[in-house]
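Note that the structure is a prediction, hence the values are computed from the model and not measured. Counting starts at 1 for both ligands and their atoms, in listed order. Heads up: numbering here begins at 1 and tracks the sequence.
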Amino acid sequence: MPIQKLADRIILNHPKGASTEVLLYGATVTSWKASDKRNPEPVERLFVSSKAALDGSKAVRGGIPVVFPCFGAPTHPDHKNLSQHGFARSELWSWDSEVMDNEAGVSIRLVLEPSQKITAIYAKPFRLNYVVTLAEHQLSTDIHVTNTSTSTESFEFQALFHTYIRAPSDSVSVTPLQGLSYKDKTDSSFQGLKTESRAAVDVKKFTDSVYTNAPQKYEVSWPGGGISVKSQNLKDVVIWNPQAEAGSKIG
Ligand SMILES: O=P(O)(O)OC[C@H]1O[C@@H](O)[C@H](O)[C@@H](O)[C@@H]1O
């Protein structure tokens, strides 16, 4: 069965061995296993904390949480009743459809629409469609935000994937970010933007950097492993790793 619909999650299996799991809670991808040249057997590519709650009691600490309609603490007046990173990662999404099921890819669509609970904190006419596609060596996540208003009402939003890549934090690095402007969220004494001087950005110390106008094509590499990340229409990229310093404060 390439697509298994369980009560709380969807499991996708690719005929060549890759697999992924998507929780209906938050539409959070909690596992992606794929092979590569170094590993003929599929290996897990995403990090999920051993302490993560997967029962829908709080946003999943790991995998790929979906962030909408605000990133970080809300700053826009429309988001004033929301918590950090918005509500999409902590709502129950609905199954919509199977999009594709063949050797090229196995793909499903989930949907999130305003419920009474959401409208109480965010009364905007939105619909989110989320398509997760598993290919032999690739996982694609596409978020489509629709303004369902029948009038001229508009709204501003931020949307992103909060991907936790499974990598050794003492030796992983990300390229190419050199020369880009970034907000260093670990440095509250400095309000402006810094310029990235490093050819390869590591996360050996607590890192929380928001790069703007980034190239949308990155190599995340470590000795003996790595992963390529591509994005479309997502021009900012965040490199975050709490390390022990900030990690010890996370539940
Ligand atoms: O604890 P949360 O809400 O999942 O956020 C985790 C982190 O998410 C990152 O994307 C932010 O840049 C950090 O500032 C934040 O701490």
Are there any protein N or O atoms under 3.5 Å from the N or O atoms of ligand 1? List them with distances, or say none.
from, atom 1, to, atom 2, distance (Å)
ligand 1, 1 (O), Arg61, NH1, 3.3
ligand 1, 1 (O), Arg61, NH2, 3.0
ligand 1, 3 (O), Gln84, NE2, 3.1
ligand 1, 3 (O), Arg89, NH2, 2.9
ligand 1, 4 (O), Arg61, NH1, 2.9
ligand 1, 4 (O), Arg89, NH1, 2.8
ligand 1, 5 (O), Gln84, NE2, 3.2
ligand 1, 5 (O), His85, NE2, 3.2
ligand 1, 8 (O), His85, NE2, 3.1
ligand 1, 8 (O), His162, NE2, 2.7
ligand 1, 10 (O), His162, NE2, 2.8
ligand 1, 12 (O), Lys185, NZ, 3.2
ligand 1, 12 (O), Asp208, OD1, 2.6
ligand 1, 12 (O), Asp208, OD2, 3.4
ligand 1, 14 (O), Lys185, NZ, 3.2
ligand 1, 14 (O), Asp208, OD2, 2.5

Between [X] and [Y], do the side chains contain an N or O donor and an N or O acceptor separated by less than 3.5 Å?
| X | Y | answer |
| --- | --- | --- |
| Thr148 | Arg127 | no |
| Ser151 | Ser149 | yes |
| Gln216 | Ser231 | yes |
| Glu41 | Ser35 | no |

What donor-acceptor contacts under 3.5 angstrom involve side-chain atoms of residues 55-62, with partners at least two apart or in another chain?
from, atom 1, to, atom 2, distance (Å)
Asp55, OD1, Ser57, N, 3.0
Asp55, OD1, Ser57, OG, 2.6
Arg61, NH1, Tyr164, OH, 2.9

Neighbour count above 12 (heavy atom, 6.0 Å) for Lys80 NZ: no
